[in-house]
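Read the numbers this way: they start at 1 and go in the same order the structure lists the ligands and their atoms.
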Amino acid sequence: MERTFLMIKPDAVQRNLVGEIISRVERKGLKLVAGKLMSVPKSLAEEHYGEHKDKPFYNSLIDFITSAPVFAMVVEAEDAVSISRHIIGTTNPAEAAPGTIRGDLGLTVGRNIIHGSDSVESAKKEINLWFKEDELADYEGNSENWLYE
Ligand code: DAT
Ligand code: MG
């Protein structure tokens with residue numbers, strides 16, 4: 001089993017889409033391991049988006065992520081990282097496929113609804129950055145036999 005980090009961004013929280021998005025994640029078969037609504041300290045936003053420090057959109061990205069609460073999550077599945085990137089859709093909602101979270105719910109790259117870790121390595125890093133060990137629930141899901149062969 002693999003874990004990944006998802007974060008419903010301020011635009012989606014403000015647009016009352018948290019339930020819709022968690023519902024899509026659950027329906028896909030991803031198991032919720034952790035979740036919390038939180039305001040993001042600037043230092044956390046900067047560490048999370050450190051790889052984009054030199055990009056022209058960096059400052060507005062940090063302003064956006066710290067502008068209102070986010071809903072941070074950890075989910076688990078076989079291939080959780082790539083499966084969740086798949087249901088999230090490509091970075092720019094204007095180009096994201098219909099049926100994906102960004103494709104169905106967003107319009108512009110600066111307001112693209114949700115973050116998902118892009119590799120197993122960054123998932124580990126981001127889970128550690130956003131959650132304490134005791135916030136992660138270790139439990140047996142009830143539907144595994146019907147999700148996996
Ligand atoms: P992703 O979130 O799909 O992993 P990313 O890591 O390349 O995309 O970028 C992080 C976030 O930065 C992205 O979700 C939205 C913002 N962003 C990316 N490219 C952008 C651009 N060209 N203009 C404005 N914001 C951008
Ligand atoms: Mg990314």
Side-chain angles (χ1 to χ4, degrees), residues 1-137 141 147-148:
M1 283 293 164
E2 192 173 283
R3 286 178 174 182
T4 193
F5 172 71
L6 305 178
M7 184 244 300
I8 302 175
K9 296 183 179 181
D11 53 335
V13 174
Q14 291 294 332
R15 291 174 55 208
N16 305 312
L17 293 172
V18 172
E20 160 78 28
I21 293 166
I22 294 177
S23 175
R24 286 171 177 239
V25 168
E26 282 188 306
R27 269 152 48 202
K28 180 66 177 172
L30 296 158
K31 186 174 91 180
L32 280 171
V33 169
K36 59 182 171 184
L37 184 85
M38 60 183 282
S39 299
V40 184
K42 193 167 185 214
S43 56
L44 175 57
E46 287 172 343
E47 195 162 349
H48 176 76
Y49 281 123
E51 63 170 312
H52 297 301
K53 208 164 37 216
D54 301 322
K55 306 268 172 65
F57 57 82
Y58 177 74
N59 286 332
S60 56
L61 180 59
I62 299 300
D63 286 348
F64 169 52
I65 289 299
T66 56
S67 65
V70 303
F71 192 90
M73 276 182 279
V74 177
V75 297
E76 190 178 277
E78 282 182 17
D79 297 319
V81 171
S82 72
I83 284 174
S84 49
R85 294 279 294 189
H86 218 71
I87 65 166
I88 286 171
T90 52
T91 304
N92 186 349
E95 289 155 15
T100 65
I101 294 170
R102 286 169 171 165
D104 286 349
L105 304 177
L107 289 170
T108 62
V109 70
R111 299 287 183 270
N112 68 355
I113 310 285
I114 184 169
H115 165 86
S117 309
D118 63 6
S119 67
V120 175
E121 196 193 357
S122 39
K124 285 198 179 115
K125 217 169 64 189
E126 291 171 3
I127 291 167
N128 284 330
L129 183 63
W130 286 80
F131 286 93
K132 299 189 201 103
E133 187 61 40
D134 66 6
E135 291 178 304
L136 307 175
L147 287 166
Y148 303 102

Give yes or no for whether the N/O distance cutoff of 3.5 Å, strictly under, is met between E51 and ligand 1. no
Please confirm whether K36 makes a cation-pi placement over F131, using NZ or CZ under 6.0 Å from the six-membered ring centre and within 45° of the ring normal. yes
Can you tell me if M7 has a non-hydrogen atom under 4.0 Å from ligand 1? no
In ligand 1, the atoms that come under 4.0 Å of a heavy atom of K9 are 13 (C), 14 (O)
Checking contacts here: is it the side chain or the backbone of V109 that comes within 4.0 Å of ligand 1, counting heavy atoms only? Could be both or neither. both
Working for salt bridge (charged side-chain N to carboxylate O under 4.0 Å, His left out), residues K125 and E121: CA-CA 6 Å; K125 217 169 64 189; E121 196 193 357; over 6 Å; no
Ligand 1 versus H52: contacting region, heavy-atom distance under 4.0 Å: side chain
State, with a plain yes or no, whether a side-chain heavy atom of T108 is found less than 4.5 Å away from one of P93. no
Is there a side-chain contact between V75 and E26 in this structure, where contact means two heavy atoms from C-beta onward sitting under 4.5 Å apart? no
Atom 11 (C) of ligand 1: which of I114, I62, L61 has the nearest heavy atom? L61
If we set the cut-off at 4.0 Å for heavy atoms, which region of T91 has an atom near ligand 1: side chain, backbone, both, or neither? both
For ligand 1, is there an N or O atom under 3.5 Å from any N or O atom of Y49? no
Quick one: sort the Y49 and H115 rings into parallel, tilted or perpendicular, breaks at 30° and 60°. perpendicular
Of the side chain and backbone of H48, name the one, both, or neither that has a heavy atom under 4.0 Å from an atom of ligand 1. neither
More than 12 non-hydrogen atoms from neighbouring residues, nucleotides or ligands closer than 6.0 Å to CD on E135, yes or no? yes
Of the protein's non-hydrogen atoms, which lies at the shortest distance from atom 13 (C) of ligand 1, and what is that distance? N112 ND2, 3.5 Å
What one should report as the nearest heavy-atom pair of M73 and F5 is O-CD1, 3.3 Å
For atom 21 (C) of ligand 1, find the nearest protein heavy atom and state the residue, atom name and distance (0.1 Å precision). F57 CD2, 3.5 Å
Within the structure, is a non-hydrogen atom of D118 found at a distance of less than 4.0 Å from ligand 1? no
To the nearest 0.1 Å, how far is atom 2 (O) of ligand 1 from its closest protein heavy atom, and which atom is that? R102 NH2, 3.0 Å
Q14 versus P69: any side-chain heavy-atom pair under 4.5 Å? yes
Contact check, side chains of R24 and D104, non-hydrogen atoms, under 4.5 Å: yes
Looking only at protein heavy atoms, identify the closest one to atom 4 (O) of ligand 1 and say how far it is in Å. R85 NH1, 2.8 Å
